Amino acid sequence: MPNNRTTLIAGNWKMNNDREAAKALAAELVEALPEVPAGVEVLVCPPTIDLCCVAHKLEGSGIALGAQNCYWEASGAYTGETSVPMLKSAGCTYCIIGHSERRDYFHESDEDQNKKAKALVAGGIVPVFCCGEPLEVREAGTYVEHVVAQVKAGLEGLELASADQLVVAYEPIWAIGTGMTATADDAQEVCHAVREALVELFGAEMADGIRVLYGGSAKPGNIAELVAKPDVDGALVGGASLKAADFSEMVVKAAE
Ligand code: PGA
């Protein structure tokens, strides 16, 4: 059965580029995608410090702006953190949370993601909630349970008024930045399990409208096959999002 979810191609720039390079990349993207093709939504997530200058470059384009992380308190003595209202005022409409790099290197827990997801939805920013298994879990064969547990713990008690208030990104850790992409069938298997978990959390109708992305070495050569899968609604793109030509090619291919 066809769905009416809009494909989302999201770029996660991670900790790359200085200000001039960020501005140049944003300008190149706007030039490469003067119009975002029908049926696709495009998002870029620069480092926090470059959000404002990238927002300026994206003005008037169809490309949305997102952050890579946030803190759940609105303001106060939290040195080094960035709140949801701050991201909102910088022009963000999305925010990645729970990326495996945050979970692993900065010891962020499922509970942290849950607080961030709630703060984002309450503040009018769409969380791009990441989940995914490490290689040992993949090899042990328990990856579906692992990912479903992350989704349930991270999103429990979240209240959604509409399905476009949440995006989930399945990113098997062994495929991130390694060039090892999960096959489209691997992606579909877990994205489908994620959707079933979303049915339990939010009900069937809501879950049917929530976008579930795949991430992990997504590139121009595999994007068409990935988004052709019924439960894969786009991609969270790291490495390939740093090249305007590759990223815009992915957008065009996803639209086709
Ligand atoms: P990659 O990163 O595309 O470079 O594998 C994806 C991600 O971490 O979001």
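The shown structure was predicted, so the numbers you read here are calculated from the model rather than taken from an experiment. As the structure lists them, so they are numbered: ligands from 1, and atoms in each ligand from 1.
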Sub-3.5 Å N/O-N/O distance, I176 and ligand 1: no
N-O pairing of K23 and E20 below 4.0 Å: yes
Side-chain donor/acceptor of N114 to backbone N/O of E111, under 3.5 Å: no
Ligand 1 atoms in contact with N12 (distance to a heavy atom under 4.0 Å): 9 (O)
G177 N/O to ligand 1 N/O under 3.5 Å: yes
Any N or O of K14 closer than 3.5 Å to N or O of ligand 1: yes
Geometric N/O contact E101 with ligand 1, under 3.5 angstrom: no
Check: Y143/E189 side-chain N/O donor and acceptor closer than 3.5 Å: yes
Atoms in ligand 1 flagged as close to S217, the criterion being non-hydrogen separation under 4.0 Å: 1 (P), 3 (O), 5 (O)
Partner of V147 under side chain to side chain contact (heavy atoms under 4.5 Å, CB included), chosen from K152, E133, E171: E133
Region of C130 that comes within reach of ligand 1 [heavy atoms, distance under 4.0 Å]: neither
Exam field: side chain N16 to backbone W13, donor-acceptor pair closer than 3.5 Å: yes
Numbering as shown, the atoms of ligand 1 that approach A175 to under 4.0 Å (heavy-atom distance): 5 (O)
Which of the ligand 1 atoms, numbered from 1, are nearer than 4.0 Å to a heavy atom of H99: 7 (C), 8 (O), 9 (O)
G238-ligand 1 polar pair, N/O distance under 3.5 Å: yes
Flag side-chain contact, heavy atom, 4.5 Å: I9 against I223: yes
E108 bridged to R103 by N-O distance under 4.0 Å: no
Protein contact of atom 4 (O) of ligand 1 - nearest heavy atom, named by residue and atom, plus distance: G239 N, 2.8 Å
Presence of salt bridge, K253 and E249, under 4.0 angstrom: yes
Which segment of E171 sits under 4.0 Å of ligand 1 when only heavy atoms are counted: side chain
D164 and R211 ion-paired at < 4.0 Å: no
Ligand 1 contacted by G216 (non-hydrogen, < 4.0 Å): yes
